[in-house]
Amino acid sequence: MEVPLQIYRKNDTAIDTTDAFTTSERFVTREEVIRWVKETGINNKVTVIITRSDTETGKRGRSNKVIFGCDKGGKYKDKSETQNRLEGHSFVGRLTTDEKQHVADLTKRHVPPRHILISLQERDPENVTRITQIYKHKSVIEAEIRGPRSEIQHLLKLIEEANYVYWSRKRDDL
């Protein structure tokens with residue numbers, strides 16, 4: 001299977017990455033092809049997404065087809081500007097299971113998000129996670145802890161559990 005992929009620099013000269021995406025491997029399922037292309041892209045500092053796909057429905061002209069592209073629109077930033085890092089790519093910047101656990105552990109110890117990010121980058125210098133992913137995962141953790149309660153209900157629960165003296169009132173007409 002050959003997947004021609006060209007990436008353009010600022011001056012519109014194409015970098016041909018066809019060799020990286022050429023394989024004689026046969027894929028049984030669509031998901032296997034997608035996984036292989038995305039992993040190959042990551043290994044070559046390119047985040048690949050599905051730009052268009054079509055599935056065979058029996059109608060005339062419809063066949064199984066997947067078209068891949070760069071998630072930044074096929075544009076490549078000059079190496080001197082980005083130091084060839086994939087910052088800003090949502091797929092590559094995702095937290096792994098181990099990193100999510102690390103964020104959860106540090107969050108329980110009330111470590112600020114900027115220090116959590118520094119800790120992740122010290123563990124893996126190639127890590128391209130951004131601070132927004134840390135904040136998003138922290139909000140997921142807090143929502144899991146809070147459960148179905150609103151933030152105010154959760155606050156009142158914590159106050160009650162800590163045996164603080166508090167006073168509240170409720171409007172009955174709502």
Side-chain angles (χ1 to χ4, degrees), residues 1-107 111-141 143-144:
M1 174 180 172
E2 186 173 308
V3 181
L5 183 66
Q6 294 182 338
I7 300 177
Y8 293 89
R9 290 190 184 268
K10 270 187 170 179
N11 59 4
D12 291 334
T13 58
I15 301 171
D16 188 8
T17 57
T18 303
D19 291 340
F21 290 93
T22 302
T23 183
S24 59
E25 186 177 343
R26 296 260 181 212
F27 300 98
V28 178
T29 65
R30 179 180 193 263
E31 288 73 28
E32 288 179 14
V33 173
I34 294 169
R35 182 188 48 77
W36 181 83
V37 169
K38 287 187 177 188
E39 287 176 2
T40 303
I42 289 170
N43 293 337
N44 289 283
K45 306 287 187 205
V46 177
T47 304
V48 181
I49 61 169
I50 298 172
T51 56
R52 199 170 75 203
S53 71
D54 202 0
T55 55
E56 189 173 12
T57 60
K59 294 182 181 176
R60 194 173 118 208
R62 299 286 296 254
S63 62
N64 289 330
K65 178 179 11 178
V66 179
I67 298 174
F68 298 97
C70 177
D71 77 334
K72 296 294 182 184
K75 301 293 181 193
Y76 179 80
K77 291 184 180 176
D78 190 11
K79 193 175 186 178
S80 62
E81 290 180 22
T82 63
Q83 290 107 31
N84 205 21
R85 301 236 358 200
L86 294 171
E87 292 161 346
H89 289 265
S90 59
F91 180 75
V92 178
R94 268 190 232 166
L95 294 169
T96 64
T97 307
D98 183 44
E99 291 170 338
K100 286 180 181 179
Q101 185 59 47
H102 187 66
V103 171
D105 292 342
L106 294 179
T107 299
V111 176
R114 67 179 181 274
H115 294 303
I116 294 174
L117 181 62
I118 291 169
S119 173
L120 288 173
Q121 291 172 339
E122 286 175 352
R123 290 174 63 182
D124 179 16
E126 293 296 315
N127 188 319
V128 292
T129 301
R130 310 244 356 208
I131 194 76
T132 54
Q133 275 96 5
I134 305 296
Y135 278 111
K136 286 178 184 176
H137 188 62
K138 278 187 67 159
S139 69
V140 167
I141 293 168
E144 287 174 357

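Excluded from the calculations below are hydrogen atoms, water molecules and symmetry mates; all remaining heavy atoms, backbone and side chain alike, are included.
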Asker: Roughly how far, to the nearest 0.5 Å, is CD of Gln101 from CG of Asp105?
Answerer: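 Rounded to the nearest 0.5 Å, the CG-CD separation comes to 4.5 Å.
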Asker: Quick check for you: to the nearest 0.5 Å, what is the distance between Ile116 atom CD1 and Gln133 atom CD?
Answerer: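 Ile116 CD1 to Gln133 CD: 13.0 Å, rounded to 0.5 Å.
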Asker: Locate the shortest heavy-atom distance separating Thr40 from Ala20; write the atom from each residue and the value.
Answerer: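 Looks like CG2-O, 3.1 Å.
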Asker: Using side-chain heavy atoms (C-beta onward) and a distance below 4.5 Å, is Lys100 in contact with Val140?
Answerer: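 Answer no - side chains too far apart.
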Asker: Of the non-hydrogen atoms in Phe21 and Val37, which two are nearest, and what is the gap between them?
Answerer: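 Nearest pair, atom of Phe21 first, then Val37: CE2-O, 3.6 Å.
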Asker: Quick check: does any side chain N or O of Glu32 sit under 3.5 Å from a backbone N or O of Val28, one acting as donor and the other as acceptor?
Answerer: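 Yes; judged by distance alone, with no hydrogens or angles, the pair exists.
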Asker: Just how far is it from atom CG of Asp124 to atom CD of Glu99, taken to the nearest 0.5 Å?
Answerer: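 Those atoms lie 6.5 Å apart.
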Asker: Out of Val33, Ile34, Thr29, which residue meets the side-chain contact (heavy atoms from CB on, under 4.5 Å) rule with Glu31?
Answerer: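 Only one option passes, and that is Thr29.
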Asker: Parallel, tilted or perpendicular: which one describes the rings of Trp36 and Phe27, with boundaries at 30° and 60°?
Answerer: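 Judged by the thresholds at 30° and 60°, the geometry between Trp36 and Phe27 is tilted.
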Asker: Give the minimum heavy-atom separation between Tyr135 and Pro113, together with the two atoms involved.
Answerer: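 Heavy atoms only, the tightest pair is CE2-CG, 3.5 Å.
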Asker: NZ of Lys136 to OG1 of Thr132: how many Å apart, nearest 0.5 Å?
Answerer: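 The distance works out to 5.0 Å.
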Asker: Answer yes if the side chains of Thr129 and Asn127 hold a donor-acceptor pair under 3.5 Å, and no otherwise.
Answerer: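 Checked: Thr129/Asn127 side chains pair up, N/O donor to acceptor below 3.5 Å.
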Asker: At what distance, to the nearest 0.5 angstrom, does CG of Leu120 lie from CZ of Arg130?
Answerer: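 Result: 14.5 Å between the selected atoms.
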Asker: Could you report the tightest heavy-atom contact between Val111 and Lys138, atom names first, then the distance?
Answerer: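 The answer is O-NZ, 4.4 Å.
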Asker: What is the distance from atom CD1 of Ile134 to atom NE2 of His102, rounded to the nearest 0.5 Å?
Answerer: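 Answer rounded to 0.5 Å: 8.5 Å.
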